[in-house]
Amino acid sequence: MHSDPPASITLTRPDDWHLHLRDGAALQAVVPASARQMARALIMPNLRPPVTTARQAGEYRARILAAVPPGLDFNPLMALYLTDKLPPEEIALAKEAGVVAAKLYPAGATTNSDAGVTDIRNTYPTLAAMQRHGLLLLIHGEVADPAVDVFDREAVFIDRVLIPLRRDFPELKIVFEHLTTREGASYVASADRFTAATITPQHLLYNRNALFTGGIRPHYYCLPILKREEHRQALVAAASSGSPKFFLGTDSAPHAAHLKEHASGCAGCYSALAALELYAEAFDAVGALDRLEGFASFHGPDFYGLPRNTGTVTLRRQAWTLPESVPYGDAVLKPLRGGESLLWQLGA
Ligand SMILES: NC(=O)N[C@@H](CC(=O)O)C(=O)O
Ligand SMILES: [Zn+2]
Ligand SMILES: [Zn+2]
């Protein structure tokens, strides 16, 4: 028996556990959208130059707070960018300054990852300090090895890097960011309580056909790249399973439209403008709207050891059209699903 979807759903205020806000004019352009939807966000440190000290993280956080529109309360949580040389002593300073995590980018794996880690063993003293001080390790889980097929880089990362790393640091909390494969979902589901994962809206809604529908579609290009339909289905099953290991992280990654519509287009989807609406659509499609609140509002803070938010947001089942583009400094941004209709709308 099928029951009609509800006309509205109310959730505890959600958080975004994987967000790129950039800096300068770009930061000013994108902070309001996230602050309107989310109570907190874990801010990615892949600026140029990257955020590698507790002091830089504090200064960056202040710039973010200064861009929050009056009347909204938004709490940015900060992470350091792990390099081959991040000193273990910086971890104690970071902990003291309220930084909650460090982010591992394998060198060359994604946008602004050239300062990333060339060999995980170089970071072992720093990872030991993180385990001791209770900082989480956030991972872009793809090998950068050009010999590995782009679509296999996540699965290969699990075998080559993650399994040994987990063995060497059994109590380091690890978030496998922007999960994209069935292999990733089953690794995390069967891992112990120190391992969790974020999942983006695009990986729940689209498979790799979206990259080529009627021509090449640069606004669906992000890393890790969209995968086959069977992987999308595995991700939807994981996100809507009720397991506390999976939670919301948009990986909203703005790039000026002209740099995506380019011979060598940038990787990253700008999803922050309608993130909750997109997630609601994905959960609605499998009749799992009752599982959205756990994924969006509870599992993240529980894993990070932070309090759940108070207050609520309401989504209404009401079609509306997302703008095709929005201002981005001197350029424009084309949001994921821009110019198209959405089924759910976040209440004012
Ligand atoms: N996801 C992306 O495709 N891009 C991100 C980097 C990242 O999260 O890997 C970016 O900063 O643009
Ligand atoms: Zn990444
Ligand atoms: Zn990201």
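Atoms within a ligand are numbered from 1 in the order they appear, just like the ligands themselves. All of these numbers come straight from a predicted model, not from anything done at the bench. Quick note: numbers below take in every heavy atom, side chains included, and nothing from hydrogens, waters or symmetry partners. When a residue number appears, it is its place in the shown sequence, counting from 1.
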Compute the centroid of each ring, for [X] and then for [Y], and state whether the two points are separated by less than 6.0 Å.
X	Y	result
Tyr270	Tyr328	no
His231	His203	no
Trp17	Phe303	no

Closest contact, heavy atoms only, Thr123 versus Thr83: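 Heavy-atom minimum between the residues: CG2-O, 3.7 Å.
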
Measure across Met130 and Leu172 and return the closest heavy-atom pair with its distance rounded to 0.1 Å.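 Smallest heavy-atom distance, with atoms named: CB-CD1, 3.9 Å.
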
Do any pairs count as a salt bridge (Lys or Arg N to Asp or Glu O under 4.0 Å) and have a residue in residues 99-112, sequence neighbours left out, and if so which ones?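 Checked against salt bridge (Lys or Arg N to Asp or Glu O under 4.0 Å) - neighbours excluded - no pair reaches residues 99-112.
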
Do any pairs count as a side chain to side chain donor-acceptor pair (under 3.5 Å) and have a residue in residues 155-170, sequence neighbours left out, and if so which ones?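 Sorted result for residues 155-170: Tyr124-Asp168, Asp145-Arg160, Arg166-Thr195.
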
Is any NZ, NE, NH1 or NH2 atom of the basic residue among Arg337 and Glu277 found under 4.0 Å from an Asp or Glu carboxylate oxygen of the other? no

Can you classify the ring geometry of Phe176 versus Tyr187 as parallel (below 30°), tilted (30 to 60°) or perpendicular (above 60°)?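 Ring orientation, 0 to 90° scale: perpendicular.
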
Measure from the Zn ion (ligand 3) to every N/O/S atom of His20 and report the name of the nearest one.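 Within His20, restricted to N, O or S, the Zn ion (ligand 3) is closest to atom NE2.
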
If only atom types and distance count, is the side chain of Lys245 paired as donor or acceptor with the main-chain N or O of Ala191 below 3.5 Å?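 Pair found, side chain donor or acceptor close to backbone of Ala191.
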
The Zn ion (ligand 2) neighbourhood, protein N/O/S only, threshold under 2.8 Å: His140 ND1, His178 NE2

Considering only heavy atoms, which protein residues lie less than 4.0 Å from any atom of ligand 1?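 For ligand 1, the contacting residues are His18, His20, Arg22, Asn46, Thr110, Thr111, His140, His178, Cys222, Leu223, Asp251, Ala253, His255, Ala267, Gly268.
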
